[in-house]
2 protein chains.
Amino acid sequence: MAQRKPAHEQDAVASFVEDWNRERPELDTAPLEVFARLHRVFLRYQSQISKPMEGHGISMAGFDVLTALRRAGAPYSRTAGELARSGLISSAGVTLRIDRLEKDGLIVRERDPEDRRVVHSRLSEQGIEQIDALFNEHLENERRMLAGMTPAECRQLAKLLGKLERSVAAAQEADEEEGEETAGE
Amino acid sequence: MAQRKPAHEQDAVASFVEDWNRERPELDTAPLEVFARLHRVFLRYQSQISKPMEGHGISMAGFDVLTALRRAGAPYSRTAGELARSGLISSAGVTLRIDRLEKDGLIVRERDPEDRRVVHSRLSEQGIEQIDALFNEHLENERRMLAGMTPAECRQLAKLLGKLERSVAAAQEADEEEGEETAGE
DNA sequence: CAGGGAACGCTCAGGGCTAAGATTTCCACA
DNA sequence: TGTGGAAATCTTAGCCCTGAGCGTTCCCTG
């Protein structure tokens, strides 16, 4: 009943896998070793990364937009569609993010005169200052989160995560094509 | 039909790093190689993993609770606090998750007769059936997402993610201790 | 054996995201 | 040149999460 937590705190995912092997031994739980760990480390990362941002009154969602604009270089402007693709979120999500940032005076919306469907979001002066100050803190914070890893491990992990992203994206696209095929039957 | 992502489209995170080197060359962006990739692959994973669950009318949040209870073994029961820690979420979040699952008839709340502060959440018969059926699909889906990786790469990645979780957790705990020290001044 | 602190779960206010569909604008082509 | 489809953005409805704080219950201590 009580959870075992020996002095050197066993990996939580290893316990999960043990549990499943006991409860449903016929299942091959190998994928959990990757994805359950991915999930847990992301949740921890997310909550840790939010701390310096909250100090500046900026959310992770807002930070994502501000960095995308800052990265773009002068005049620090992108369309809503570009922001959706770069942040891997829906177009509705972009609208909401931009609403909030515009209300805070960090960005301005500008309708494209050539193609009036398009809206450009541009960093305000205040937005540039905020993100330039915050990004240093952000990197410093991330460095502290990597303190337990060697540089070689970081490089190896980065490489494998890149490969995993491609693998997950491939499965996603395979699903979408299958959906299109069966849609016309 | 041509692929949507032609060969010349390089890794999105590599482009980010290039952008930062151009815009703010004084910054050491090495941590992004790990965390930006972690963030992106998690977002893709999250949206892909939701597909089979939606078919059963279950959210990722609900799935997390149901698996935690199923893993626990008979009588498939845990306290709210245990669920919060195992899912890395707040106690308020647990209350909401349980509210929804109870309304759907997948779990039942039972107040502990020995310690009346404690509430146990237990899988209903229907809950057990649902999660047993869904978990197979879930693992199959995860396996498809790993199709682009070799087993050796998966093991290596799992190991490094485990190490990263410990490293991130250490940074988190360091922050909390610092907060406690300065709180009493 | 009475207080008071600690532990547990819940409530509330404030954000955040998505899917589906509406609206506006562009553009290719008959 | 008129029209239908496609594209870009916004709106709506619904669900999910957190931090702060509340009420209840337990239990240690004096």
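Every chain is numbered from 1 and lettered A, B, ... according to where its sequence line falls, protein lines coming before strand lines.
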Report summary line: As a check of understanding: the bend across the helix from dC1(C)-dG30(D) to dA30(C)-dT1(D), end axes from five pairs, rounded to 10 degrees, works out to 0°
Query raised in the report: Between the side chain of Arg97(A) and the main-chain N/O of Gly93(A), is any donor-acceptor distance below 3.5 Å?
Result: no
Report task. Calculate the interatomic distance between His39(B) atom NE2 and dC17(C) atom C1'; express it in whole Å. Result -> 12 Å
Query raised in the report: Between Asp132(B) and Arg24(A), is the closest basic N to carboxylate O distance under 4.0 Å?
Result: yes
Requested in this report: Give Ala92(B) one of three labels, base, sugar-phosphate or nothing, depending on what nucleic acid heavy atoms sit under 4.0 Å from its own.
Outcome: base
Requested in this report: With heavy atoms under 4.0 Å as the rule, sort Glu82(A) into base, sugar-phosphate or nothing.
Outcome: nothing
**Report entry** Length of the CZ-C1' vector between Arg78(B) and dC8(C), whole Å
**Finding:** 17 Å
Query raised in the report: Just checking Gly93(A): base, sugar-phosphate only, or nothing, at a heavy-atom cut-off of under 4.0 Å?
Result: base
Query - Backbone of Ala61(B) reached by a side-chain donor or acceptor of Arg100(B) within 3.5 Å - result: no
Query - Shortest side-chain distance from Asp115(A), nucleotide among dC26(C), dC17(C), dT9(D) - result: dC26(C)
Report summary line: Testing dG19(D), dC17(C), dC26(C) for proximity to the side chain of Arg117(A), the answer is dC26(C)
Query raised in the report: Looking for any heavy atom pair under 4.0 Å, which part of the strands does Leu96(A) touch: base, sugar-phosphate only, or nothing?
Result: base
Requested in this report: Write down the distance between CG (Asp99(A)) and P (dC17(C)), rounded to a whole number of angstrom.
Outcome: 12 Å
Query - Given DNA chain C, 5'-ward residue of the pair Pro113(A) and Ile89(A), judged by closest heavy atom - result: Ile89(A)
**Report entry** Spacing between Glu54(B) atom CD and dA19(C) atom P, to the nearest angstrom
**Finding:** 7 Å
Report summary line: In whole angstroms, the gap separating P of dT9(D) from CD of Glu110(A) amounts to 14 Å
Query raised in the report: Can you tell me if the side-chain N/O atoms of Arg100(B) get under 4.0 Å from OP1 or OP2 in dC15(D)?
Result: no
Requested in this report: Consider only side-chain heavy atoms of I, L, V, M, F, W and Y, link residues closer than 4.5 Å, and tell whether Leu66(A) and Leu88(A) are in one cluster.
Outcome: no
Report summary line: From the candidates dC17(D), dG16(C), dC10(D), the one with an atom nearest any side-chain atom of Ala61(B) is dC17(D)
Query raised in the report: Base, sugar-phosphate alone, or nothing: which one does Ser59(B) contact when heavy atoms must sit under 4.0 Å apart?
Result: sugar-phosphate
Requested in this report: Determine, using the 4.5 Å side-chain heavy-atom cutoff (strictly less than), whether Leu83(B) and Phe16(A) are members of one ILVMFWY cluster.
Outcome: no
Report task. Have a look at Gln46(B) and say if it touches a base, only the backbone sugar-phosphate, or nothing, with a 4.0 Å heavy-atom cut-off. Result -> nothing
Query raised in the report: Taking OP1 and OP2 of dC26(D), is either one under 4.0 Å from a side-chain nitrogen or oxygen of Arg116(B)?
Result: no
Requested in this report: Please confirm whether the backbone N or O of Thr79(B) pairs with a side-chain atom of Glu82(B), one donor and one acceptor, at under 3.5 Å?
Outcome: yes
Query raised in the report: Side chain of Thr79(B), base of dC8(C): donor and acceptor closer than 3.5 Å?
Result: no
Requested in this report: Using a 4.0 Å heavy-atom cut-off across all strands, classify Arg111(A) as base, sugar-phosphate, or nothing.
Outcome: nothing
Query raised in the report: Does any N or O in the side chain of Glu23(A) come within less than 3.5 Å of the main-chain N or O of Trp20(A), such that one atom is a donor and the other an acceptor?
Result: no
Report task. Return the value, rounded to whole Å, for the distance between atom CG of Leu83(B) and atom P of dC8(C). Result -> 13 Å
Report summary line: Between CZ of Phe63(A) and P of dG16(C) the distance, given in whole Å, is 15 Å
**Report entry** Between dT9(D) (C1') and His120(A) (NE2): distance, integer Å
**Finding:** 13 Å
Report task. For the pair Thr67(A) (side chain) and Phe63(A) (backbone), establish whether a donor and an acceptor sit closer than 3.5 Å, ignoring hydrogens and angles. Result -> yes
Report task. Go through the N and O atoms of the side chain of Ser91(A) and the base of dC10(D), and report whether any donor-acceptor pair is under 3.5 Å. Result -> yes
